[in-house]
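Here the structure is laid out as structure tokens; the discussion comes afterwards.
Residue numbering restarts at 1 for every chain, and letters A, B, ... go by the order of the sequence lines.
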Number of protein chains: 2
Amino acid sequence: MAAISEAGIDLIFQYGFPSTTLRMVAKKVGMQAGSLYNYFEDKQSFLYQIMKRSRQDLLEELDRKLTGNSDPVRALKAFIEVHIEFYTERSKEMFIGRMELRGLTDEQFRDINALRDRYEWQFTSILENGRRTGDFIVDDIRLTTYAILAMLTDISTWYRPRGRMTKGQLIEYYTNLVFRILRCERPDATGGSDKPAD
Amino acid sequence: MAAISEAGIDLIFQYGFPSTTLRMVAKKVGMQAGSLYNYFEDKQSFLYQIMKRSRQDLLEELDRKLTGNSDPVRALKAFIEVHIEFYTERSKEMFIGRMELRGLTDEQFRDINALRDRYEWQFTSILENGRRTGDFIVDDIRLTTYAILAMLTDISTWYRPRGRMTKGQLIEYYTNLVFRILRCERPDATGGSDKPAD
DNA sequence: CCTACCGATCGGTAGG
DNA sequence: CCTACCGATCGGTAGG
């Protein structure tokens, strides 16, 4: 199943979901098209599985890195790091997750959307915490959430592993931009060198 | 032809290009499918026409609003205004322009991409001017271009005409975010009330 | 997991 | 701009 998913991700990323035929997937893993139906009910469910898996993994990864971080500045830094790491490491899946939502049934769409909302809400609550503590200056929480997430997500559309910047430099640069948006001047805000004492 | 394009835009926006059949387009404008071939060579060219038109209109609109604006702060404000106006007013086309690039031939893709590059370059040169005059504080021009354009373009994915904010408020809010990113503190930077004397 | 197949649909064309 | 049509392909299934 792992090989089938991987083949599906590659092909859907390259050709889009409607133009990816099950015969292409089958050929890539050395099977006959009909045999794929032992692994999913229909073509739509295959797409749904791929999207659900990546969204769930993202949420789990975020939970792991966010636990015990009650300080909004530290939490925000962790969020940005997780986001950029995940969206560059698994860029094809996250790309599919944005482009192929129309390929789902209404019910599947609602389900995936709920996962996306949970993720977005995590970010929003960090902003709210930071505003309460006075670390961030935010006027409209919702618009600011949209703006920052769009900025961070876009990285996956152009990022290449052998680019002129390391992933660490990228994270540092975008962290700086985000803190500028929030007018956060705390000395530990953007620098990536200081180890938090936990 | 205008009706055919409009029907195509609506359908491609809703179902995606590969899933939009020429029979659907024909039905929407009260024609037979075969008759559409009097208006374009093949399905791909139809998509190409739609994309090219919107990209060209955007560039023309930008040129119109940018001429004679040598001051980087004023130019940036004009750019943001044009961008948000266009991406909300013609959101379906701009959505298609980002989602359906795979539907083009290599040659068509390069052509559309060139138009996109010209637009991006306009923004980049405003940033460079502002850095030279000292109005903007920018470290990496390219990353900052990507980040800001992604932020602004994202608006078209959630904007609804009857939302809680007017388009003017939206422009003002995002203008403020952009100037924060650039650490631009000039008094006329974000306020939308002061009429430029030209 | 394979063979063999079906019904449906689609882009595109001929000829008018 | 229509009628009529073709070749190709696709998702999905039966039966093993």
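In this structure, CG of A:L36 is placed 11 Å from C1' of D:dG12, rounded to the nearest angstrom. Regarding A:R23, its CZ atom lies at a distance of 6 Å from the P atom of D:dC10, rounded to whole Å. The nearest whole Å value for the distance from the CD atom in B:Q32 to the P atom in C:dG11 is 15 Å. Computed from coordinates, the B:L22 CG to D:dC5 P distance equals 21 Å when rounded to whole Å. The nearest whole Å value for the distance from the NZ atom in B:K27 to the P atom in D:dC2 is 15 Å. Rounded to an integer number of Å, the gap from A:L47 CG to D:dG11 P is 13 Å. For the pair A:Y15 OH and D:dT9 P, the computed distance is 15 Å after rounding to whole Å. Rounded to an integer number of Å, the gap from NZ of B:K43 to P of C:dG11 is 5 Å.
Nearest to the side chain of B:Y37, among C:dG11, D:dC2, D:dT13, sits C:dG11. Here the side chain of B:S35 is nearest to one of D:dT13, C:dT3, D:dC2, namely D:dC2. Taking the side chain of B:D42 as heavy atoms from C-beta on, and the options C:dC2, C:dG12, D:dG12, the nearest nucleotide is C:dG12. The side chain of A:T21 sits closest to D:dC10 out of D:dC10, D:dG12, D:dC5. In this structure, the nucleotide among C:dG11, D:dC2, D:dT13 sitting nearest to the side chain of B:M31 is D:dC2.
A donor-acceptor pair is defined here as one N or O able to donate and one able to accept, closer than 3.5 Å; no such pair exists between the side chain of B:K65 and the backbone of B:E81. Using a distance-only test at 3.5 Å, with no hydrogens or angles considered, no donor-acceptor pair links the side chain of A:E93 to the main chain of A:I9.
The CE atom of A:M151 sits 4.5 Å away from atom CG of A:L177, with the distance rounded to the nearest 0.5 Å.
Pair assignment for D:dG15: C:dC2, on the basis of Watson-Crick or G-U wobble contacts that are both within less than 3.5 Å. In this structure, C:dG7 forms a base pair with D:dC10, meeting either the Watson-Crick or the G-U wobble geometry with both donor-acceptor distances under 3.5 Å.
Between A:R90 and A:D57, at least one side-chain nitrogen of the basic residue sits less than 4.0 Å from a carboxylate oxygen of the acidic one, meeting the salt-bridge criterion.
DNA chain D is contacted by both A:M24 and A:E41; A:M24 maps to the nucleotide lying nearer its 5′ end (nearest heavy atom per residue).
Residue A:T20 is classed as a sugar-phosphate contact, given heavy-atom separations below 4.0 Å to backbone atoms only.
Judged by distance alone, the side chains of A:T157 and A:D154 do bring a donor and an acceptor atom under 3.5 Å apart.
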